[in-house]
S.K.: 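Let me give you the structure first, and then I'll get to my questions.
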Amino acid sequence: MRLLLIHSDHIEYEARKKTKVAEEVAVPKDALDEALAVFCAVESVDEENIEDSVRQAADEIVTTARQLGTTNIMIYPYAHLSSDLSSPEAAVSALKGIEEALKANGEFVVKRAPFGWYKAFSLTCKGHPLSELSRTIVPGEGGAAAPKKEIQHEFFVLTPEGERRDAAAYAGEKTPFAALVRKELGYPNPDGSEPIHVDLMRAKELVDYEPRADVGNHRWMPRGKLIRDLLSDYVLARVLEYGGMPVETPVMYDLADKAISEHAAKFGERQYRFKSGNRDMMLRFAACFGMFSIMHDMHISPNTLPMKLYELSTYSFRHEQKGEVIGLKRLRAFTMPDMHTLCRDVDGTLTAFEEQLAMGWKSGEDLETPLVGVFRCTRDFYDQYELWVKELVAKSGVPMLIEVLSDRVHYWIAKVDLAAIDAQGRPIENPTVQIDVESSNRFDIKYYTPEGTEVHPPILHCSPTGSIERVICAMLENTAAQEVPSFPTWLAPTQVRLVPVAERHVCFAEEISARLNAACIRADVDDRDESVNKKVREAGMDWVPYVVVIGDQEAETGRLTVTIRKLSEKKKPYKETMSEDELIQAVKMETAGKPFRQLYTPRQLSRKPRFI
RNA sequence: GCCGCUGUGGCUUAGCGGUAUAGCGGCUGAUUCGUAAUCAGCAGGUCGGGGGUUCAAGUCCCCCCAGCGGCUCCA
């Protein structure tokens, strides 16, 4: 919305002729002295949230009027302030909204010139410094948010044994769960230091900030890209085992689509917006839209339910406030594994919820990022399904924080969030499962019962691991607690580093690395003209899980002395002598059942460029 | 977005009114080495960007950008 505010001695208008969009009920002629004239153009962007634009505009006008010490306000529709106007209906509703809001305030005399007429007007401007002001208003930005419905939150803890405990009783403990409870209950976190992963993500040549992009859009270097891809492979494997069907959908959507704009506006989250030609577009904040659109267009038989669609949402875009964006924890562009399950009925939904929560817990184990959980639902849901919730906690085998909301505010009626805890005791929310009771209606996703009744069933949203970036964040944060930090071997960018003692050993080392590579192990050779000491040191700094020095001894006997990082202590490397086959077996055992990809960096370290 | 702190070669950093310090890294040469830094030489900086104060500005002031902490927020 565009506003032009003019402090005038006198303003008067007279409606002369109707346009096609003229307001019928109107005051055809009027005038006001000592008035603030408010010329106003309602824009297409205002239609996303008319109420908010009206609120902001009214606030702005009240502030200005008070500053000027005037109590007379004339609202005057003036389309020429913008080249991107809203629909006439929206404009009239906004103008009336502003008029009512100002009248409701009680301190002003408010008049409004009619919309959609050719009008003659005359205006004098006082000409002092504040007498001419212009304002641009965008819904959802600036000012205090419109008052939300008062929601009561009740927190308590359920134990696997089914006991209900006071949440505050857990807050004092030194466990990861206690950290989650403190955060949810709003306790302050005294440790305000920089998260360790921010340094590590760059120092280990994984990810970096990209100053040429927007805030929170990162660049990935080969080692980080490899870890990302392996984690993506991991989620895909779990989803396929579970019966999910991978799809891929667009990253941008047209806001003129009612379902899209409703969904987007309802959650009021900051979005990336842009124009494509004359279409207002948004970047997706998850893969929901694309999959819902597929479901909408499908012929759905209840016999094929539950139906699970999966997409690795590369990327999901959320225009988070700048001050909230940090490292790998909170981004504006991130990669979210996103599965949607179209269920048949409530029973099917609850069953699938359990299965998917189990996937979330399992990912915590598989990825070595210990998780803690909070289950959230509405009061209605809890009253009806209390036994099921207790069973869910029992199956999880750990105490869970329960949050009961007095009313439904989002599209979900129940959800579970699993979180890792960072080195400062702050939760990193990751896997999630949610029961969505709105989207099948909004996107008209339906099936027919044998009796011919139309059913808009519940849809589960599930991210089995949470965002890939946050998984890496959690792993890096975990290393703070490790005496000898490392990645799980299946994710290590280099799994075996061969360190030739002298140049004459390089060839032998390369033969070994070739055989290891052929056995699907990421092995590289430090063929640089450096001392053994230095090469071993740098292998350590690269967190390489298996380091093998190759010299005359090895060439003669074929036996390898392997330094195993996992079994080493600080300044006390653990070494074991083994054959090449035994080394292969050791790595294979450790990485069994996990995805594999070849090295993303040159096998010869002398050929590897430095990124940082 | 708000409040606060920070911003010096690729990295880590010294300097805090008189046109810039070192180490690592890079390059070149020597060295061919047995489990966490071999030695020497060389190159590399519009001190985050813009404006201002001053004879003189990484150094003081203002604006902007970015990073971090806190707040707010987080489908």
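Values in this document were obtained by computation on a predicted structure and should not be read as measured data. In what follows, chains carry the letters A, B, and so on, assigned in the order in which the sequence lines appear, proteins first and then strands, with residues in each chain numbered from 1.
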S.K.: Taking atom types as modelled and ignoring hydrogens, do the side chains of A:Glu590 and A:Thr489 form a donor-acceptor contact shorter than 3.5 angstrom?
M.R.: yes

S.K.: Has A:Arg426 got a side-chain N or O lying under 4.0 Å from the OP1 or OP2 atom of B:G70?
M.R.: yes

S.K.: Taking B:A37 as the reference, what is the distance to B:G48 when you measure between their C1' atoms (whole Å, please)?
M.R.: 32 Å

S.K.: For nucleotides B:C39 and B:G45, find the distance between their C1' atoms and express it as a whole number of Å.
M.R.: 27 Å

S.K.: According to a strict under-4.0 Å criterion, is A:Arg504 in side-chain N/O contact with OP1 or OP2 of B:C33?
M.R.: yes

S.K.: Select one nucleotide: of B:U32, B:U38, B:U35, the one nearest the side-chain heavy atoms of A:Ala502.
M.R.: B:U32

S.K.: Need one value for A:Glu210: base, sugar-phosphate or nothing, where a base atom within 4.0 Å counts as base even if backbone is also close, heavy atoms only.
M.R.: nothing

S.K.: What's the NZ-C1' distance between A:Lys608 and B:G26, to the nearest Å?
M.R.: 13 Å

S.K.: Is there a side-chain polar atom (N or O) of A:Ser531 under 4.0 Å from OP1 or OP2 of B:C33?
M.R.: no

S.K.: Rounding to a whole Å, what distance do you find between A:Asn533:CG and B:G34:P?
M.R.: 8 Å

S.K.: Relative to the ring of A:His410, is the ring of A:Trp412 parallel (under 30°), tilted (30 to 60°) or perpendicular (over 60°)?
M.R.: tilted

S.K.: Check the distance between B:C71's P and A:Arg330's CZ and give it to me in whole angstrom.
M.R.: 12 Å

S.K.: If each of A:Thr561 and A:Glu194 is mapped to the nucleotide of RNA chain B with the nearest heavy atom, which maps nearer the 5' terminus, i.e. the 5' end?
M.R.: A:Thr561

S.K.: Paired with B:A66 by Watson-Crick or G-U wobble geometry, both distances under 3.5 Å: which nucleotide is it?
M.R.: B:U6

S.K.: State, without any angle test, whether A:Gln56 and A:Asp52 hold a side-chain donor-acceptor pair at a distance under 3.5 Å.
M.R.: yes

S.K.: Determine the Euclidean distance between corresponding P atoms of B:G50 and B:G9; express it in Å to zero decimal places.
M.R.: 15 Å

S.K.: Which sits closer to the 5' end of RNA chain B, A:Cys288 or A:Met201, going by the nucleotide each is nearest to?
M.R.: A:Met201

S.K.: Do A:Met201 and A:Leu476 have side-chain heavy atoms sitting under 4.5 Å apart?
M.R.: yes

S.K.: Among B:C68, B:U35, B:A36, which nucleotide has an atom closest to any side-chain atom of A:Ile326?
M.R.: B:C68

S.K.: Verify the ring-centre separation between A:His461 and A:Phe292: is it less than 6.0 angstrom?
M.R.: yes

S.K.: Around atom CD of A:Glu248, are there more than 12 heavy atoms of other residues, nucleotides or ligands at under 6.0 Å?
M.R.: no

S.K.: Searching all strands shown, indicate the nucleotide that pairs with B:U35 (Watson-Crick or G-U wobble; both distances under 3.5 Å).
M.R.: none

S.K.: Out of B:A36, B:C73, B:C33, which nucleotide sits closest to the side chain of A:Gln321?
M.R.: B:C73

S.K.: Heavy atoms under 4.0 Å, any strand shown: does A:Val325 hit a base, just sugar-phosphate, or nothing?
M.R.: sugar-phosphate

S.K.: The side chain of A:Pro195 is closest to which nucleotide in this list: B:C74, B:G34, B:G69?
M.R.: B:G69

S.K.: May I ask you to say what A:Val549 touches in the nucleic acid, namely base, sugar-phosphate or nothing, with a heavy-atom cut-off under 4.0 Å?
M.R.: base

S.K.: State whether a side-chain donor-acceptor pair under 3.5 Å links A:His505 with A:Asp552.
M.R.: yes

S.K.: Does B:U28 pair with anything, Watson-Crick or G-U wobble, both distances under 3.5 Å, and if so, with which nucleotide?
M.R.: B:A40

S.K.: Counting Watson-Crick and G-U wobble pairs only, both distances under 3.5 Å, name the nucleotide matched with B:C71, or none.
M.R.: B:G1

S.K.: With respect to the phosphate group of B:C68, does any side-chain polar atom (N or O) of A:Tyr209 fall under 4.0 Å of OP1 or OP2?
M.R.: yes

S.K.: Does A:Lys322 place a side-chain N or O at less than 4.0 Å from the phosphate oxygens OP1/OP2 of B:A66?
M.R.: yes

S.K.: Would you confirm whether the ring centroid of A:His296 sits within less than 6.0 angstrom of the ring centroid of A:Phe443?
M.R.: no

S.K.: Without decimals, in angstroms, what is the distance between A:His505 NE2 and B:G34 P?
M.R.: 10 Å

S.K.: Out of B:U12, B:A37, B:C68, which nucleotide sits closest to the side chain of A:Arg202?
M.R.: B:U12

S.K.: What is the distance, to the nearest angstrom, from the CD atom on A:Glu184 to the P atom on B:C74?
M.R.: 12 Å

S.K.: Measure from CZ on A:Arg528 to C1' on B:A36 and round the result to the nearest Å.
M.R.: 13 Å

S.K.: Mind checking the P distance from B:C60 to B:G44? Whole angstroms is fine.
M.R.: 29 Å

S.K.: When you get a sec, tell me which of B:A36, B:G34, B:G1 is the closest nucleotide to the side chain of A:Glu324?
M.R.: B:G1

S.K.: Tell me the partner of B:U54, counting only Watson-Crick (N1-N3 plus N6-O4 or O6-N4) or G-U wobble (N1-O2 and O6-N3) with both under 3.5 Å; none if nothing fits.
M.R.: none

S.K.: Expressed in whole Å, how much space separates the C1' atoms belonging to B:U53 and B:U8?
M.R.: 22 Å

S.K.: Using a 4.0 Å heavy-atom cut-off, does A:Gln553 contact any base of the nucleic acid, only the sugar-phosphate backbone, or nothing at all?
M.R.: base

S.K.: Rounded to whole angstrom units, what separation is found between the CD atom of A:Glu503 and the C1' atom of B:G34?
M.R.: 17 Å

S.K.: Determine the Euclidean distance between corresponding C1' atoms of B:C27 and B:G34; express it in Å to zero decimal places.
M.R.: 28 Å

S.K.: Measure the distance from NZ on A:Lys183 to C1' on B:C74 and round it to the nearest whole Å.
M.R.: 8 Å

S.K.: Judged by modelled atom types alone, do A:Asp214 and A:Tyr272 share a side-chain donor-acceptor pair under 3.5 Å?
M.R.: yes

S.K.: By the 4.0 Å heavy-atom rule, please label A:Val499 as base, sugar-phosphate, or nothing.
M.R.: nothing

S.K.: Using a 4.0 Å heavy-atom cut-off across all strands, classify A:Asp552 as base, sugar-phosphate, or nothing.
M.R.: base

S.K.: Checking all strands, does A:Arg332 fall into the base, sugar-phosphate, or nothing category for heavy-atom contacts under 4.0 angstrom?
M.R.: nothing

S.K.: Tell me the partner of B:G45, counting only Watson-Crick (N1-N3 plus N6-O4 or O6-N4) or G-U wobble (N1-O2 and O6-N3) with both under 3.5 Å; none if nothing fits.
M.R.: none

S.K.: Can B:G44 be described as syn, meaning its chi torsion is within 90° of 0, or is it anti?
M.R.: anti

S.K.: What interatomic distance, in whole Å, is found between P of B:C47 and the corresponding atom of B:G10?
M.R.: 12 Å

S.K.: Check whether any side-chain nitrogen or oxygen of A:Lys534 sits under 4.0 Å from OP1 or OP2 of B:G25, and answer yes or no.
M.R.: yes

S.K.: I'd like the C1' distance from B:G26 over to B:C11, given in whole Å.
M.R.: 12 Å

